[in-house]
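Notes follow once the structure below has been shown.
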Amino acid sequence: MNKLLKMEGLERHYETPAGVVKALDGVSFEIHEGERVILLGPSGSGKTTLLNCLSALDSPTGGAYTFMSTEKEGFDAVPRNNSEKMTSFRRENIGYVFQFFNLLQDLTVLENILLIQELAGKKDPARAKELLKLVGLEAEVDRFPGEISGGQQQRVAIARSIAKRPTLLLGDELTGNLDTETSNKVMEALVSACKQENITSVFVTHDEGLVKYATRVIRIDSGKIVSDEQTNNDSSE
Ligand SMILES: Nc1ncnc2c1ncn2[C@@H]1O[C@H](COP(=O)(O)OP(=O)(O)OP(=O)(O)O)[C@@H](O)[C@H]1O
Ligand SMILES: [Mg+2]
């Protein structure tokens with residue numbers, strides 16, 4: 001498997017009146033194409049901060065982060081402290097399901113998906129509808145986010161995140177608002193989409209039950225990796 005990205009000694013420190021908060025304090029790992037990583041850790045351990053650095057939503061304050069772009073040859077330093085370059089990095093490479101779903105309230109369910117595809121230059125209404133069917137929302141395509149439940153909004157956010165076929169898919173508590181049955185359905189759909197389209201994923205969760213969908217489990221505490229293990233679930237089938 002090809003290497004997709006590498007972080008080395010990554011730091012995200014915040015200066016606060018009360019002192020320095022080390023949200024990430026020397027994180028190093030490599031992720032290969034096709035891996036499905038689950039990131040576990042207590043509240044405040046740095047999980048969201050790590051996803052935000054992985055996606056170039058946030059700029060690390062130290063360390064190195066390089067990414068293998070599918071468009072170009074070789075590894076590039078991921079842009080930081082430059083919002084335009086960070087935005088284009090995200091558009092080209094990243095799908096992100098946020099802890100709070102961030103759907104656009106003035107757009108319908110379907111339009112939320114079409115917009116993301118359009119921004120990535122990959123408009124494909126047929127695929128958008130197919131993905132909404134995959135997450136069980138074919139009847140809700142023309143409703144607005146304010147007219148569907150929290151769990152349904154989360155499923156829209158999930159469909160949206162894979163609509164443009166990202167290289168790297170990130171999810172923050174992406175099944176947090178779903179019942180076990182729906183959560184399993186959504187995870188199975190995601191895993192099969194990731195396998196079919198060679199999408200690499202990193203999902204943050206508190207739910208140890210999701211480990212069965214992962215090929216690798218990384219545990220983080222106080223901004224440091226405390227364990228990093230492969231599971232027996234195959235990533236290459
Ligand atoms: N803007 C900020 N300024 C100062 N400290 C911050 C800021 N954002 C986050 N932190 C701190 O960084 C640490 C990591 O936060 P982070 O949001 O990454 O945790 P988390 O693991 O995602 O937690 P949760 O499971 O509760 O979502 C916490 O101690 C948090 O208080
Ligand atoms: Mg968080």
Side-chain angles (χ1 to χ4, degrees), residues 5-31 35-65 67 78-83 86-87 89-90 93-103 145 150-151 153-158 160-162 166 168-180 183 186-187 190 200-214 216-229 231:
L5 63 87
K6 182 175 185 175
M7 282 188 164
E8 254 182 312
L10 205 87
E11 293 176 347
R12 178 54 169 113
H13 293 179
Y14 292 101
E15 308 282 344
T16 74
V20 179
V21 177
K22 298 181 176 178
L24 294 177
D25 190 18
V27 167
S28 302
F29 56 67
E30 290 180 354
I31 295 179
E35 284 194 288
R36 295 190 303 278
V37 179
I38 288 229
L39 187 61
L40 292 166
S43 182
S45 57
K47 303 181 299 296
T48 298
T49 308
L50 184 53
L51 288 193
N52 290 346
C53 287
L54 276 168
S55 63
L57 260 182
D58 192 10
S59 297
T61 52
Y65 175 26
F67 196 92
V78 173
R80 58 178 81 167
N81 303 314
N82 178 328
S83 62
M86 290 160 79
T87 302
F89 171 81
R90 281 199 306 281
N93 299 295
I94 306 291
Y96 199 145
V97 186
F98 293 92
Q99 199 164 5
F100 311 100
F101 336 116
N102 294 13
L103 296 177
Q153 290 181 49
Q154 191 152 25
R155 283 184 274 154
V156 177
I158 289 167
R160 183 180 60 171
S161 71
I162 48 177
L168 179 63
L169 174 64
L170 304 172
D172 204 347
E173 293 293 351
L174 81 175
T175 58
N177 291 287
L178 307 179
D179 58 79
T180 312
S183 152
V186 164
M187 284 307 295
L190 271 179
T200 307
S201 62
V202 180
F203 294 154
V204 163
T205 184
H206 285 109
D207 182 359
E208 299 263 349
L210 296 191
V211 167
K212 63 174 180 282
Y213 297 107
R216 178 175 171 190
V217 178
I218 298 178
R219 288 172 202 272
I220 174 172
D221 200 357
S222 307
K224 290 188 161 78
I225 291 180
V226 292
S227 76
D228 184 348
E229 286 168 352
T231 67

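In listed order, ligands and their atoms are each counted from 1.
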Taking backbone and side chain together, does Thr48 place any N/O/S atom at a distance below 2.8 Å from the Mg ion (ligand 2)?
yes
Could you tell me, atom by atom, which parts of ligand 1 come under 4.0 Å of a heavy atom of Thr49?
14 (C), 15 (O), 16 (P), 18 (O)
Identify, by atom number and element, the atoms of ligand 1 in contact range of His206, meaning under 4.0 Å from any of its heavy atoms.
25 (O)
Proximity to ligand 1 by part of Thr16, non-hydrogen separation under 4.0 Å:
side chain
Determine the interplanar angle of the Phe98 and Tyr96 rings, folded into 0 to 90°, and report it as parallel if under 30°, tilted if 30 to 60°, perpendicular if over 60°.
parallel
Of all the non-hydrogen atoms in the protein, which one sits nearest to atom 25 (O) of ligand 1, and at what distance?
Lys47 NZ, 2.7 Å
Could you tell me the residue and atom name of the protein heavy atom closest to atom 12 (O) of ligand 1, and the distance to it rounded to 0.1 Å?
Ala23 CB, 3.3 Å
If only atom types and distance count, is the side chain of Glu173 paired as donor or acceptor with the main-chain N or O of His206 below 3.5 Å?
yes
Identify the protein heavy atom lying closest to atom 17 (O) of ligand 1, giving its residue, its atom name and the separation to 0.1 Å.
Thr48 CB, 3.8 Å
Looking only at protein heavy atoms, identify the closest one to atom 27 (O) of ligand 1 and say how far it is in Å.
Gln99 NE2, 3.3 Å
Stepwise, does the ring-ring contact (aromatic ring centres under 6.0 Å, His included) test hold for Phe67 with Phe89?
CA-CA 10 Å; Phe67 196 92; Phe89 171 81; 5.0 Å; yes
Looking only at protein heavy atoms, identify the closest one to atom 11 (C) of ligand 1 and say how far it is in Å.
Val21 CG1, 3.8 Å
Just by modelled atom types, is the Leu174 backbone N or O under 3.5 Å from a matching donor or acceptor in the Gln154 side chain?
yes
Note: heavy atom closest to atom 20 (P) of ligand 1, options Gly223, Gly44, Ser222, belongs to Gly44
What is the nearest protein non-hydrogen atom to atom 26 (O) of ligand 1, stated with its residue, atom name and distance?
Ser43 OG, 2.5 Å
Go through the steps to decide whether Asp228 and Arg216 satisfy the test salt bridge (Lys or Arg N to Asp or Glu O under 4.0 Å), and finish with yes or no.
CA-CA 7 Å; Asp228 184 348; Arg216 178 175 171 190; 2.8 Å; yes
Run the contact test for Ser45 against ligand 1 with a 4.0 Å cut-off on heavy atoms, strictly below, and give the result.
yes
Just by distance, do the side chain of Thr200 and the backbone of Leu168 share a donor-acceptor pair under 3.5 Å?
no
Ligand-residue contact atoms, ligand 1 with Pro42, heavy atoms, under 4.0 Å
21 (O)
Which residue and heavy atom of the protein sit nearest atom 1 (N) of ligand 1, plus the separation
Tyr14 CE2, 3.5 Å
Going by a strict under-4.0 Å cutoff (protein heavy atoms only), does atom 30 (C) of ligand 1 have a neighbour on the protein?
no
